[in-house]
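As a basis for the values below, the full set of heavy atoms in this structure was taken, side chains included, without hydrogen atoms, waters or symmetry mates. Throughout, protein chains are lettered first and strands after them, A, B, ... in sequence-line order, and every chain is numbered starting at 1.
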Number of protein chains: 2
Amino acid sequence: MSTKERILDASLQLFNEQGERKVTTNHIAAHLAISPGNLYYHFKNKQAIIFALFERYESRVLDILQVPEERALQPLDKLRYLQDIFTGLWDYRFMHRDMEHLLLADAELHARYRAFFRLCLQRVQQIFRGLAEAGIIRISEADIASLALNTWIVVTSWFSFLRCNLLNADVDAISPELLRGGIYQVFTLERPYLTDEYREAMNQLQQQFIPRPSWLEADEETVG
Amino acid sequence: MSTKERILDASLQLFNEQGERKVTTNHIAAHLAISPGNLYYHFKNKQAIIFALFERYESRVLDILQVPEERALQPLDKLRYLQDIFTGLWDYRFMHRDMEHLLLADAELHARYRAFFRLCLQRVQQIFRGLAEAGIIRISEADIASLALNTWIVVTSWFSFLRCNLLNADVDAISPELLRGGIYQVFTLERPYLTDEYREAMNQLQQQFIPRPSWLEADEETVG
DNA sequence: GTATTATTAGAGTCATTACTCTAAAAGGTC
DNA sequence: GACCTTTTAGAGTAATGACTCTAATAATAC
């Protein structure tokens with residue numbers, strides 16, 4: 001594997017584990033047992049590393065959010081979308097953790113991200129239209145737009161939410177297992193729109209993702 | 001006004017305008033035309049300033065999220081809750097901007113925030129129960145829990161969403177006017193649960209908050 | 001007015017971190 | 001093996017920012 005790829009992989013790993021801000025370029029170099037000079041030979045600065053990782057993330061997500069043209073959507077498609085998207089978010093979880101900071105520091109990335117967001121929103125709306133055409137949900141166009149936006153917000157904020165509200169502050173306590181609660185929440189968003197025909201089946205699907213709500217477990221703190 | 005209060009006010013203003021990370025303690029002191037030593041006489045460190053601001057924020061929010069005991073909830077109550085909460089979020093918008101960072105840096109604040117979150121979630125659920133008792137919505141207990149959580153996520157993420165997706169990267173472009181879109185989104189969350197009796201009235205209420213969706217305006221960037 | 005305490009100034013410290021610079025090594029070509 | 005390009009090492013720099021330290025000034029008490 002090329003040094004460039006190794007730098008990207010190591011950066012992604014360290015960013016995910018510790019957050020982008022806590023990981024210095026020297027830190028990345030040390031992790032790979034290479035010199036800082038070597039790292040800067042391959043990337044002109046830290047932002048360039050982040051930008052390259054964003055490109056990976058973007059293509060990963062856009063690959064997932066496609067509506068099959070040759071067939072109608074099925075209930076299990078929705079599940080697959082959610083699982084794949086949440087897994088992608090997990091693999092690049094550092095991004096939405098510090099998104100504002102990253103975008104503010106890099107105007108080019110910001111523009112790129114905005115375009116990416118709008119494309120995603122369109123794709124999500126397409127998926128809802130597909131579900132409607134398949135008779136799984138029944139929903140107006142206006143509600144599709146609003147529902148897609150709510151879905152985007154809940155999905156992209158889910159790990160942030162967990163990190164802020166988990167019992168122990170330990171970041172390592174966040175595991176892919178906690179994806180489940182996020183999937184459950186998105187099911188709730190769409191549930192009211194289910195048609196009679198599919199309501200029962202989809203509700204049973206959702207039941208598989210009932211979270212153990214760890215964010216509600218009591219600890220000794222109280223609010224004055 | 002005491003120096004301590006002035007430091008808090010100035011910090012809040014600067015944090016909101018520029019983000020907590022960009023505002024140094026020297027910066028705050030300079031803004032007030034006092035010395036850094038003076039600032040550190042009143043607060044032992046930067047975290048202490050943030051903690052004090054959180055206490056203000058917490059009491060502001062908890063004041064708002066109360067269910068009147070002497071009367072039933074009315075449709076306009078819901079509107080008032082949303083407007084007051086979003087205004088509160090606006091006034092302390094730096095908090096949710098960097099919440100993860102703030103909490104990770106201060107275990108005490110983290111514990112306090114967790115307790116605050118859980119209390120808020122209970123209060124929001126109480127409000128939904130109140131709306132159900134008043135015959136405005138019809139919803140199961142399980143859905144109340146999930147809806148309350150989605151509401152929390154959308155509300156607390158709204159400004160983050162805007163900052164990431166607004167057309168121009170300029171932070172000053174964010175104005176209280178953009179609250180409206182957030183209110184609209186939360187209405188959408190609850191809309192499917194409205195009873196026949198109140199559906200029309202609430203939908204009309206929601207129409208007042210149709211956003212000009214500035215995050216969808218086209219610019220010249222494209223996604224490859 | 002003197003003693004004591006509360007408040008303020010402001011220069012300075014120390015750690016951090018993104019990034020640079022020079023030169024050496026490795027790899028390829030003929 | 002001579003020449004050229006690519007890759008690497010690693011010491012060093014320059015800026016930043018949270019925080020400290022000493023001493024001066026104001027406020028208060030008696």
Give the nucleotide from the list dA18(C), dT6(D), dA9(C) with an atom nearest to the side chain of Y41(A). dT6(D)

Output the single nucleotide from dA18(D), dG10(D), dT20(D) whose closest atom is nearest the side chain of P36(A). dG10(D)

Please classify the nucleic acid contact of H42(A) as base, sugar-phosphate, or nothing, using heavy-atom distances under 4.0 Å. sugar-phosphate

Please report the distance, rounded to the nearest Å, between CG in L32(A) and P in dT7(D). 16 Å

Is there a side-chain contact between S35(B) and the phosphate of dA9(C), meaning an N or O under 4.0 Å from OP1 or OP2? yes

Take the angle between the ring planes of F15(A) and F94(A) and call it parallel below 30°, perpendicular above 60°, tilted in between. tilted

Considering just the side-chain nitrogens and oxygens of T3(B), establish if one lies under 4.0 Å of OP1 or OP2 belonging to dT8(C). yes

Would you mind classifying the nucleic acid contact of A29(B) as base, sugar-phosphate or nothing, using non-hydrogen atoms under 4.0 angstrom? nothing

Closest of dC19(D), dA9(D), dC19(C) to the Y40(A) side chain is dC19(C)

May I ask you to verify if any side-chain N or O of T25(B) is less than 4.0 angstrom from the OP1 or OP2 atom of dG17(D)? no

May I ask you to verify if any side-chain N or O of N38(B) is less than 4.0 angstrom from the OP1 or OP2 atom of dA9(C)? yes

Are the ring centres of F161(A) and W152(B) closer than 6.0 Å? no

